[in-house]
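Right, one structure below, let's go through it.
Labels below follow one simple rule: chain letters A, B, ... track the order of the sequence lines, proteins then strands, and each chain is numbered from 1.
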Number of protein chains: 2
Amino acid sequence: MALAAPSPQLLDELAQFFRLLSEPARLQLLCELKQGPCDVAALIERTGFSQSHISRQLSQLQRAGLVSCQRDGVRLIYRAEDALVDDLCELVQTRLRTRLESQLAQLGKA
Amino acid sequence: MALAAPSPQLLDELAQFFRLLSEPARLQLLCELKQGPCDVAALIERTGFSQSHISRQLSQLQRAGLVSCQRDGVRLIYRAEDALVDDLCELVQTRLRTRLESQLAQLGKA
DNA sequence: AACTTTTATGAGCATAGCAGCATAAACGGC
DNA sequence: GCCGTTTATGCTGCTATGCTCATAAAAGTT
């Protein structure tokens, strides 16, 4: 009987965490950072997002502990802090794939 | 080099999936259904949500294949379709806990 | 201190998504 | 057929959040 009647607080925190991952921009930033730590200028160049946009998204991810940053002079070097997101994405990705495959199979049968 | 530069489409689909889980109401419904299949009336009673609200959330979850339903006369019996959500929630829950613990330890040291 | 570079933040706009009300649609019983 | 029960859906308002512009704050240089 896993996850039996979780408290509203837990549900809220879970939902809040998933909400962080519910934005393609944030996922992309996380993926970029997973390639290795880099500064904001590099993120701007790679993603095409505006500086303020990136700054806001990163601060959200940082509050959740998914990224951290360290100063290098005037620049900030961000890094991905948690492998959990990787695992979650891979689980979901696998599911998306198998689901599409089964839909394909259904089409074939019909 | 996991998750290297995923396509925008994949990012969108991942984000869309996580968005489904970013709503406490939907998580709660999934949890209720995980206790076992049940009809909408029971869900209304257990959660206190309005009928239309529940219907909408369930339809979203159904489109994603996270729940399915089967007719019993005029009523619909819904059931949770995928253990993935359980796994995801447990992973995140574990992370939330360890994170709070480390924050506690930090407080102790300071 | 003044100036440059880099990042964070306040204000405003636009849009997405939730929540409720009313109503339509599906199903069964008569 | 009509009526009651259960679920889905159109419409509406509201809130939250993404995104941009402009500007402030932080850090280094001279």
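- Put simply, CZ on A/R63 is 12 Å from P on C/dA8, counting in whole angstrom units.
- Of the residues in residues 68-79 of chain A, those with a non-hydrogen atom less than 4.0 angstrom from any atom of DNA chain D are A/R71, A/G73, A/V74.
- Within 6.0 Å of CD in A/Q62 there are more than 12 heavy atoms belonging to other residues, nucleotides or ligands.
- Out of C/dA19, D/dA8, C/dT7, the shortest distance to the side chain of B/H53 is found at C/dA19.
- The interatomic distance linking B/Q57 (CD) with C/dG17 (C1') rounds to 10 Å, in whole Å.
- Checking B/R79, B/R71, B/R75, B/R46 one by one against B/D39, the salt bridge (Lys or Arg N to Asp or Glu O under 4.0 Å) holds for a single residue, B/R75.
- As rounded to whole Å, 16 Å separates atom C1' of D/dC21 from atom CD1 of A/I54.
- Note: the hydrophobic cluster containing A/L30 also contains B/L91 (ILVMFWY, side chain heavy atoms under 4.5 Å, direct or indirect links).
- Phosphate proximity of C/dG17 to B/Q60: absent, as no side-chain N or O sits under 4.0 Å from OP1 or OP2.
- In this structure, B/R56 atom CZ and D/dG10 atom P are separated by 8 Å, rounded to whole Å.
- Annotation for A/Q16: atom CD does not count as buried by contact number, only 12 or fewer foreign heavy atoms lying within 6.0 Å.
- Applying the side chain to side chain contact (heavy atoms under 4.5 Å, CB included) test to A/R97 and every residue at least two apart in sequence or in another chain returns A/Q93, A/T94, A/E101.
- Note that CD of B/Q57 is 10.5 Å distant from CG of B/L27, once rounded to the nearest 0.5 Å.
- In terms of heavy-atom proximity, B/P37 sits nearest to B/I77 at CB-CG2, 3.9 Å.
- In this structure, the CZ atom of A/R19 is 15 Å from the P atom of C/dA16, given to the nearest Å.
- Distance CD/A/E32 to CD/A/E45: 11.0 Å, rounded to 0.5 Å.
- One atom, CG of A/D12, and another, P of D/dA16, lie 13 Å apart when rounded to the nearest Å.
- Computed from coordinates, the A/L61 CG to C/dA8 P distance equals 12 Å when rounded to whole Å.
- Residue A/L58 contributes atom CG, which lies 12 Å from atom P of C/dT9 at whole-angstrom precision.
- Listed by residue number, B/E23, B/R26 are the residues of residues 20-29 of chain B with a heavy-atom contact under 4.0 Å to DNA chain C.
- The closest side-chain heavy-atom distance from A/L58 to A/R63 is not below 4.5 Å.
- Remark on DNA chain C: of its neighbouring residues B/Q51 and A/V40, the 5'-side contact belongs to A/V40, judged by nearest-heavy-atom nucleotide.
- Between B/S50 and the phosphate of C/dG20, there is a side-chain N or O to OP1/OP2 separation shorter than 4.0 Å.
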